[in-house]
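Residue numbers count from 1 along this sequence.
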Amino acid sequence: MRLLLYHDVISAPVKGRVANYGSKHIPFAVLRRHISFLRAVGDIVPIARALHPSHSLRPQFVFTFDDGYRGLYDAAWPFLREQKIPFAF
């Protein structure tokens, strides 16, 4: 089980306007690539599964977001909801 922590998701990169842009705020396109890769190699599961892990042969991943920045609501949440990807923040 791997817990993945994301700080913020932004619609488009704007260098110089977002502090720590390169390491904490990822573009939405990068999040989509992460999800595509993780779905190919494993399962994205709800955070509750971390407390009671199953014995799956495939790796399991939990998506978490800290701070609740607007980018989560504007850029990430609609996609996560549409794709039925569980996450916690």
Full working for ring pair (Phe, Tyr, Trp, His ring centres under 6.0 Å) between H34 and F63
CA-CA 11 Å; H34 288 184; F63 270 83; 8.0 Å; no
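Note that CG of L31 and CD1 of I10 are 11.5 Å apart. Values are rounded to the nearest 0.5 Å. Atoms CZ and CD1, from R49 and I44 in turn, are 12.0 Å apart once rounded to the nearest 0.5 Å. Taking OG1 from T64 and NE2 from H7, the interatomic distance works out to 12.0 Å, rounded to the nearest 0.5 Å.
Between P86 and I47 there is no side-chain heavy-atom pair separated by less than 4.5 Å. When side chains are defined from C-beta on, I26 counts as touching Y6, because their heavy atoms get closer than 4.5 Å. Counting heavy atoms from C-beta outward, R2 and Q60 have side chains that stay 4.5 Å or more apart. Using a 4.5 Å cut-off on side-chain heavy atoms (C-beta onward), D43 and L38 make no contact.
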Show which side-chain atoms of residues 73-81 pair as donor or acceptor with protein atoms under 3.5 Å away, not counting sequence neighbours.
| from | atom 1 | to | atom 2 | distance (Å) |
| --- | --- | --- | --- | --- |
| D74 | OD2 | R70 | NE | 2.9 |

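Listed here is the closest heavy atom pair of P46 and V62: O-CG2, 4.0 Å. Minimum interatomic distance between V9 and P27 (heavy atoms only, all atoms of both residues): CG1-C, 4.3 Å.
Between the side chain of R58 and the backbone N or O of R39, at least one donor-acceptor pair lies under 3.5 Å.
Scanning for side-chain contact (heavy atoms from CB on, under 4.5 Å) contacts around F89 gives F65, L72, F87, with sequence neighbours left out. Residues satisfying the salt bridge (Lys or Arg N to Asp or Glu O under 4.0 Å) criterion with D66, sequence neighbours excluded, are absent altogether.
There is a path of hydrophobic side-chain contacts, each under 4.5 Å, that joins V30 to V41.
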